[in-house]
Amino acid sequence: MLERHPGGFGAVAAIGLNTFREAIRDRVLYLLLVFALIIIGVSRLLSLLTVGNEDKIIKDVGLSAISLFGVLTAVFVGVSLVFKEIERRTVYTLLAQPVRRWQFLFGKFIGLFSVLLLNVGLMSGALFSLLLLRGESPWALMPAVILIAVELAIVTAFALLFSSLTNPVLSSVWTFAVYVAGHLSWSLQVLREKVPEGIARWICDGLYWILPNLRRLDLKAQVVHGFEMPEGYVGLAAIYGLGYGVVIVVLACWAFSRKEFV
Amino acid sequence: MASESPAALSITGLHKAFSGHLGIGRHPAVRGVELEVRPGEIFGLLGPNGAGKTTTIKMILGLLRPDAGEIRVFGRPSASREARKRLGFLPENPYFYDYLTAREFLDFYARLQGIAKPDRAGLIDRTLERVGLAGRENTALRAFSKGMMQRLGLAQAIQHDPDLVILDEPMSGLDPIGRREVRDLILALREAGKTVFFSSHILQDAEMICDRVAILKQGELLSVGSLDELVSHRVRWFEVTVRGSLPPGVEAARPAGREGEHLVRVADIEALRELLDTVRAAGAQVVSVWPRRETLEDLFMKRVAAAETETPSPDPAETTHA
């Protein structure tokens with residue numbers, strides 16, 4: 001007789017590991033990663049063609065590449081993760097196991113986020129090595145890298161949420177829309193002051209509070225140009241971002257738990 | 001007094017309807033299904049395409065929520081973790097993660113079942129051996145044929161030693177050898193005391209292995225019972241193959257397949273005796289005599305046709321040469 005203790009974090013870890021394997025065996029991931037590493041590698045050339053401090057341009061281009069390719073990976077790999085399981089009906093055998101639906105979705109999130117952390121680690125490693133070779137200390141960039149990872153947690157959570165609700169094309173569009181809107185949410189405050197009092201202001205306020213404030217997680221300019229940051233800013237921003245991500249993952253789990261597999 | 005053991009699977013008053021196009025209207029898929037599967041039996045859920053077999057199975061597994069009714073597995077709600085621990089499931093035309101090897105795949109499912117690491121390696125080897133995939137443990141699933149994928153699906157369904165194995169169209173798309181292997185495996189599961197619940201529209205296979213069957217049509221149960229209860233074993237007619245010219249007054253039901261041979265149907269033993277005498281007297285040769293008993297297929301066709309027309313279909317024996 002087999003002794004079995006199903007459920008709990010064991011199931012989440014198993015699904016996370018499988019998702020990790022799926023993502024790292026996906027060619028799309030390698031294409032994006034190689035492209036990002038090439039961009040970081042040639043940022044030295046870009047710096048030669050541009051007027052300004054070479055090191056600052058390498059840092060700026062490098063951090064932007066890490067952020068952009070991380071988001072692209074989160075969207076392109078993330079939106080298809082749940083959809084593929086449903087489309088190919090592998091989810092049927094998974095949910096026939098003693099596994100709760102939230103464990104399935106949370107496992108998917110953990111797996112993909114682990115891949116993104118690995119990606120960010122590899123890309124940051126390449127950028128830091130480039131800077132070290134030039135005799136420049138890269139460690140001041142760490143706060144920006146940490147908050148890029150936090151931002152990716154939010155994007156991954158949205159990709160999973162939309163992937164649980166609709167097809168990959170629409171999920172990609174929605175996830176990108178949230179990403180862009182999240183970076184521009186500050187403009188809602190500006191708009192608020194220009195519209196008449198009433199419903200329009202309420203909508204501006206509502207959207208401002210609902211959308212993730214991704215600008216708060218963008219420290220690229222601060223670390224590249226050495227601007228001062230308030231004490232404890234990185235910690236608070238990380239708590240805000242991770243908290244927001246958790247809320248979206250919980251929403252995705254709720255949506256997925258109500259799903260019927262027709 | 002010993003308490004009666006609960007049914008392996010009990011379904012009461014199960015209803016499910018789906019919304020129509022643009023959410024307009026409701027189309028019933030399962031209507032008031034009631035059945036009970038006893039521990040240790042092989043139970044076949046039969047029905048034409050669209051009868052509601054897969055919908056019923058999805059509700060057992062919690063992939064769909066019933067509109068009404070209750071499903072219990074060994075006395076526990078089918079959605080409970082305790083029930084799931086005792087379940088194994090193979091979907092129709094299974095597809096699995098092609099980026100995994102067979103060992104990685106089974107290890108993943110064993111982990112979901114909470115099987116400890118030290119037990120997993122040996123278990124996977126034994127399971128692959130059971131389904132005839134020994135030596136393929138390190139092959140990527142993308143290199144698996146359809147038949148191999150089906151066997152691997154069976155492997156994931158049985159490796160944790162479940163008490164109830166649910167198989168959705170397990171013989172679908174398999175060649176005769178593959179079907180035979182699946183049949184043997186189902187019989188071996190019963191030998192080991194397991195309960196097997198499977199859906200199929202391949203009636204021959206069901207007839208060979210089922211202890212009891214249920215016939216489903218347009219979401220409604222038409223019949224439930226053992227094959228002995230449902231299918232009459234009396235000879236319904238005889239099929240006689242005659243080589244040579246048929247004597248006058250004897251009509252062939254159809255050509256027998258080989259040149260110069262005819263197939264004649266007679267209703268009973270008296271008519272058979274008469275036919276044999278007539279054929280012998282005419283100098284023709286009797287090649288074979290085949291007594292036809294009612295098959296599950298006959299029953300199935302009869303019940304399905306009756307459900308469609310709400311009038312019983314004519315008995316084939318009544319239309320034969322007497």
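Just so it is clear: chains get the letters A, B, ... in the order the sequence lines come, proteins before strands, and each one is counted from 1.
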Do other residues, nucleotides or ligands put more than 12 heavy atoms under 6.0 Å from [X] [atom1]?
| X | atom1 | answer |
| --- | --- | --- |
| B:Arg136 | CZ | no |
| A:Tyr92 | OH | yes |
| A:Phe261 | CZ | yes |
| B:Arg183 | CZ | yes |

Apply the test side-chain contact (heavy atoms from CB on, under 4.5 Å) to residues B:Tyr99 and A:Asn18: give CA-CA distance (whole Å), side-chain angles for both, the deciding distance (0.1 Å), then the verdict.
CA-CA 10 Å; B:Tyr99 52 88; A:Asn18 192 47; 3.4 Å; yes
Between A:Leu95, A:Val91, A:Thr90, who has the most heavy-atom pairs with chain B when the cutoff is under 4.5 Å?
A:Thr90
Residues of residues 61-71 of chain B with any heavy atom under 4.5 Å of a heavy atom in chain A:
B:Leu61, B:Gly62, B:Leu63, B:Leu64, B:Arg65
Let me know if [X] has heavy atoms under 4.5 Å from chain A in its side chain, its backbone, both or neither.
| X | value |
| --- | --- |
| B:Leu100 | both |
| B:Phe18 | side chain |
| B:Ala83 | neither |
| B:Asn93 | both |

Using 0.5 Å steps for rounding, measure from the [atom1] atom of [X] to the [atom2] atom of [Y].
| X | Y | atom1 | atom2 | value |
| --- | --- | --- | --- | --- |
| A:Phe104 | B:Leu112 | CZ | CG | 10.0 Å |
| A:Lys84 | B:Tyr97 | NZ | OH | 10.5 Å |
| A:Glu260 | B:Lys16 | CD | NZ | 3.5 Å |
| B:Asp98 | A:Arg88 | CG | CZ | 6.0 Å |

Which pair of non-hydrogen atoms, one from [X] and one from [Y], has the smallest distance, and what is that distance?
| X | Y | answer |
| --- | --- | --- |
| A:Pro98 | B:Arg81 | CB-CG, 3.5 Å |
| A:Arg89 | B:Glu92 | NH1-O, 3.4 Å |
| A:Gly10 | B:Arg111 | O-NH2, 4.4 Å |
| A:Ala14 | B:Phe108 | O-CE1, 3.4 Å |

Determine, stepwise, if the pair B:Phe96 / A:Thr93 fulfils side-chain contact (heavy atoms from CB on, under 4.5 Å).
CA-CA 9 Å; B:Phe96 296 115; A:Thr93 49; 3.9 Å; yes
With sequence neighbours excluded, what pairs up with A:Arg101 under the side-chain hydrogen bond (donor to acceptor under 3.5 Å, both in side chains) test?
none
Please look at A:Leu94 and chain B and tell me whether the side chain, the backbone, both or neither of the residue comes under 4.5 angstrom of a heavy atom of that chain.
both
